[in-house]
Each structure stands twice: as structure tokens, then as C-alpha cells.
Amino acid sequence: MPPEKVEAGRSAASVRPKRSRSSSARAEASRSRCSRANKRRYTRADIAAAAVRIADAEGLDAVSMRRVAAELGCGTMSLYNYVPRKEDLYELMMDAVSGEHELWEPSGDWRADMIRVAHQTRALMHRHTWLPRLMSPVYGFSPNALRFLEHCLACLDPFDAPYGTKMELVAMVNGVVTTYVTNEISTAERTRSLPWSEEQENAARIAYLVAQLASGAYPRLAASFGADAGPIDMEAVFERALGRVLDGFA
């Protein structure tokens, strides 16, 4: 090779940037951290807790295998080693929040205990507003859910009825609570999305309703509102609905 080309090659090499030792050390440390993260083992409790955090903060629709994996700092495919399907993830979430139920010593008054169960379940659903969407027998047989159901049946020991009837009672109480809380959550979400204040919304709706009732086209509704013009005590409505369900079994 001609001397001038050799010299040119040496000159180019001399100006080529060299990787600093600090950069190499950082890269090596990063690879080491990734390697440790990939080798880390997670428990199903870890996965459930991550999914619950996401659902609480962003809603149930934000929960995905990819999103949970990112929350944990692992690869999505790694997560499938623990949870084969999204439905299984939902069941882990249900089990995790079912563990928040307080399981007390039954008082001997089955009606009072079931009212307490209803209020506790209502509070739980308000802490985890995505929960009513997953209230289904499909997700009802995890360990914590079974412990809660056993507790409900223990509360119903003084109630003289077959176990099938007791299970129906528990299901109906749960249904009342779920329906009521779903309405509460939907109302709150709609209020937050209004482009004006809640007071303005209510005023517009009341004005429309008054005009319609005054038209004479709805005499029974007019009589109903005339007999009790409100405001409606929603807490009292909840207590009455729950009481009527329990009265049906007494």
C-alpha cells in the first residue's frame, strides 16, 4: 500500500471518537440490571397488586398484560409464565381486593350482619371503582372470595333456611349493592365530564321536567312528584332497598 494511504488511514483512526471508560461502565451496569430484572421472579400477588394500582389510577380498560409488565419492569411474554390470560389477571385482581373485606365474629343477628356486609362491600367498590364491572360468578371462586362467602354464610347461621336460600340472599344483597354503586359511580363520572356546573345541569333538567309535567301528558308522574318533590335522600333509598330485600327472606 502506498505510504500516503497508510498515513491517511492512521490520521482517520486518530480522529475517530473513542468510547470512554465511564460510558463502557454505564453500559455494562445497564446490561447487568436488565439481566437481573429478566431473572427476577414475581409472585401472583405482585402481579395482582400492579394490576390493581393501574385500574385504580386509570380505570379497568387501562389494564393489559403489556401495561402490567411495564409496571413490574419485566417483558410482556415473561408475564404469561405467571398469568396465561387476561381473564386470569382479572381473577387475581378480584382476589386481591376481596382480601380487603373485614371478617368479623358474627353477632348472632343475621340481618344486622348482612347490612354490615352490604355497607362494607359498598365502601370497597368505591375504593376500587372498576370492581362492579367484574362482579360475576366467573371471578367469584378465588381464595379470598371463598373466605368472604364462607363468612357471609357464617353470619347467616341463625337464619333458619336451606343453604340454597342463604346463597340466594347473599347474591341478592350483593346485586343491590352492585347496582346502587354502579349508578353512583356513573353519576359521579358524568358530573365530572360536564362542560358546566352540576347545579346548572340540575336546574336545566328540573326546568324541562316541570314543563313536561305541566303539559298534562303525564298525570301519574305529576301526582308522584307532587306528593314528594324531593330532594331525594339517596342514603335512605339505599337502606330501604337493602331492607326490602332482607324483608323478603325474613
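The shown structure was predicted, so the numbers you read here are calculated from the model rather than taken from an experiment.
Taken to the nearest 0.5 Å, the OH atom of Y42 stands 8.0 Å off from the OG atom of S78. Rounded to the nearest 0.5 Å, atoms NE2 (H151) and CG (L156) are 9.5 Å apart.
Between V237 and Y180 there is a side-chain heavy-atom pair separated by less than 4.5 Å. Residues L149 and M167 form a side-chain contact, since some pair of their non-hydrogen atoms from C-beta on lies under 4.5 Å apart. Between R133 and L131 there is no side-chain heavy-atom pair separated by less than 4.5 Å. No side-chain heavy atom of T43 sits less than 4.5 Å from a side-chain heavy atom of Y82. At least one side-chain heavy atom of M93 sits under 4.5 Å from a side-chain heavy atom of L60. Side-chain contact check for D56 versus W130: some heavy-atom pair is nearer than 4.5 Å.
Side-chain atoms of T191 come within 3.5 Å of backbone N or O of T187 as a donor-acceptor pair. N144 places no side-chain N or O within donor-acceptor distance of the main-chain N or O of S98, the cut-off being under 3.5 Å. Judged by distance alone, the side chain of S193 and the main-chain N or O of R190 form a donor-acceptor pair under 3.5 Å. With hydrogens and angles disregarded, a donor-acceptor distance shorter than 3.5 Å links the side chain of Q120 to the backbone of E102.
F159 and F249 have perpendicular rings, their planes meeting at more than 60° on a 0 to 90° scale where under 30° would count as parallel.
The pair R122-E235 meets the salt-bridge criterion, with a side-chain N (NZ, NE, NH1 or NH2) lying under 4.0 Å from an Asp/Glu carboxylate O. Using a 4.0 Å cut-off between charged nitrogen and carboxylate oxygen, R85 and D88 count as a salt-bridge pair. Using a 4.0 Å cut-off between a side-chain N of Lys or Arg and a carboxylate O of Asp or Glu, D247 and R111 qualify as a salt bridge.
L221 and Y208 fall into different hydrophobic clusters, where Ile, Leu, Val, Met, Phe, Trp and Tyr residues are linked whenever their side-chain heavy atoms come under 4.5 Å apart, directly or through other members. Under the 4.5 Å side-chain contact rule for hydrophobic residues, Y80 and L92 share a cluster. Hydrophobic clustering keeps W196 apart from L209 (ILVMFWY residues linked when any side-chain heavy atoms are closer than 4.5 Å, directly or through intermediates).
Heavy atoms only, all atoms of each residue included: V170 and C152 are closest at CG2-CB, 3.9 Å. When all heavy atoms are compared, the tightest approach of Q212 to Y218 is O-CD1, 3.6 Å. Closest non-hydrogen pair, A50 versus V68, comes out as CB-CG1, 4.2 Å. Shown here for M125 and T178, the closest heavy-atom pair between the two residues is CE-OG1, 3.2 Å. Residues P143 and D95 share a closest heavy-atom pair of N-OD1, 3.3 Å. When all heavy atoms of V52 and A96 are compared, the closest pair comes out as CG2-CB, 4.4 Å.
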What's the verdict on side-chain hydrogen bond (donor to acceptor under 3.5 Å, both in side chains) for Q200 and S197, showing C-alpha distance, side-chain angles and the deciding distance?
-> CA-CA 5 Å; Q200 289 174 304; S197 70; 3.2 Å; yes

